[in-house]
2 protein chains.
Amino acid sequence: MSTHVRRAPAKKALPHPDLREIPVHLVLRALGEPLRLGIVRSLARAGRPMNCSSFGLSVSKSTSTYHFKVLRESGVISQFEEGTSRYSELRETELEQRFPGLLTAILAAEEPAAAE
Amino acid sequence: MSTHVRRAPAKKALPHPDLREIPVHLVLRALGEPLRLGIVRSLARAGRPMNCSSFGLSVSKSTSTYHFKVLRESGVISQFEEGTSRYSELRETELEQRFPGLLTAILAAEEPAAAE
DNA sequence: GCAGTGGTACGTTGAATCTCGTAGTACGAA
DNA sequence: TTCGTACTACGAGATTCAACGTACCACTGC
């Protein structure tokens, strides 16, 4: 017999790595891809969790799932489910603690006029 | 009839990209590889140009040539020839100007005890 | 001249990465 | 229940990357 408790449309957490165990080259590699860097830029601009589908990425759904997974597994973002959709959020504070100044410097970088 | 001028064992320059044209994700990708990051760490520690063969890399000669080329083409290092060997040097000042704080933050990052 | 040193260029191989389609789950609304 | 939405997991193909061996070049010393 199962419980009567009805789950609230709760934030269900997903497994996230401990940032202390992430070597810096993994983070660099994760951000060394234009699409993923764009996602991170959007998240930083927004300053709050964003629905995966609200990025307007010009790739298929499965491709964006893949990139979000890479970002999550390298400790850059965290994700949680709420209702029917999944939200992503920059792990800004933790990143700043683990790699001081790194994210700031990357986000501050301007793209060249003709970005390759 | 050719010239009598004997070339001094001059620093012959190699082609290097203009950092203003380098998007940040290229630099991140270049540094997102453990071997290349190790090279950059060594150069930063040394604080002066280093002979390619003095890094003690545990890969073949052609592999290290490949990695040095990647670093050079992404604007991270410069190389010049002097006599019979080729020296590599961090483009520290230029990088700091183009991406303020980036290199510092990356070099400051400590590796986890059990780096993957 | 010849051999050794220090490096590049090229081609290849195997692994990783990126992209996608398909199929499937979980939820909310009609 | 049926539909649509939002997303995942899996498998496959194409492309890129990392590592290597070989051949080669330029220079030094004998």
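Distances shown here put a side-chain N or O of Arg29(B) below 4.0 Å from the OP1 or OP2 atom of dC17(D). The side chain of His67(B) contributes an N or O atom lying less than 4.0 Å from OP1 or OP2 of dA19(D). Contact annotation: Thr65(B) side-chain N/O to dG7(C) OP1/OP2 distance is not under 4.0 Å. For dC18(C), one of the phosphate oxygens OP1 or OP2 lies less than 4.0 angstrom from a side-chain nitrogen or oxygen of Arg36(A).
Atom-to-atom, OH of Tyr66(B) to P of dG14(C) comes out at 18 Å; the value is rounded to the nearest Å. Atom C1' of nucleotide dA16(C) and atom NE2 of His25(A) are separated by 13 Å, given to the nearest angstrom. Between Leu28(B) atom CG and dT17(C) atom P there is a gap of 16 Å when expressed in whole angstrom units. For Tyr87(A) and dT8(D), the OH to C1' distance is 17 Å, given to the nearest whole Å. Rounded to whole angstrom, the span from the CZ atom of Arg86(B) across to the P atom of dC25(D) amounts to 16 Å. Following rounding to the nearest Å, Leu31(B) (CG) and dC17(D) (C1') show an atom-to-atom distance of 16 Å. Computed from coordinates, the Glu81(B) CD to dT8(C) P distance equals 8 Å when rounded to whole Å. Per the geometry, CD belonging to Glu33(A) stands 12 Å off P belonging to dT17(C), to the nearest Å.
When side chains are defined from C-beta on, Ser64(B) does not count as touching Phe55(B), because their heavy atoms never get closer than 4.5 Å. You'll find the side chain of Val24(B) stays beyond 4.5 Å of the side chain of Leu31(A), heavy atoms only.
Contact of Ser62(A) with dG21(C) (side chain to base): a donor-acceptor pair of N or O atoms is detected under 3.5 Å.
Closest-nucleotide positions on DNA chain C for Val70(A) and Lys69(B) were compared, and the one nearer the 5' end corresponds to Lys69(B). Between Cys52(A) and Leu35(B), it is Cys52(A) whose nearest contact on DNA chain D lies nearer the 5' terminus.
The side chain of Thr63(B) approaches dA19(D) more closely than any other nucleotide in the set dA6(D), dC20(C), dA19(D). Checked against dA18(D), dA6(D), dG7(C), the side chain of Thr84(A) finds its nearest nucleotide in dA6(D).
Checked by atom type and distance alone, the side chain of His25(A) never pairs as donor or acceptor with a backbone atom of Leu35(B) at under 3.5 Å. A donor-acceptor contact shorter than 3.5 Å is absent between the side chain of Glu89(B) and the backbone of Met50(B).
Residue contacts for Ser85(A): at a heavy-atom cut-off of 4.0 Å it reaches the sugar-phosphate backbone alone, with no base atom in range.
Shortest non-hydrogen contact noted between Glu21(A) and Pro112(B) is O-CG, 3.7 Å.
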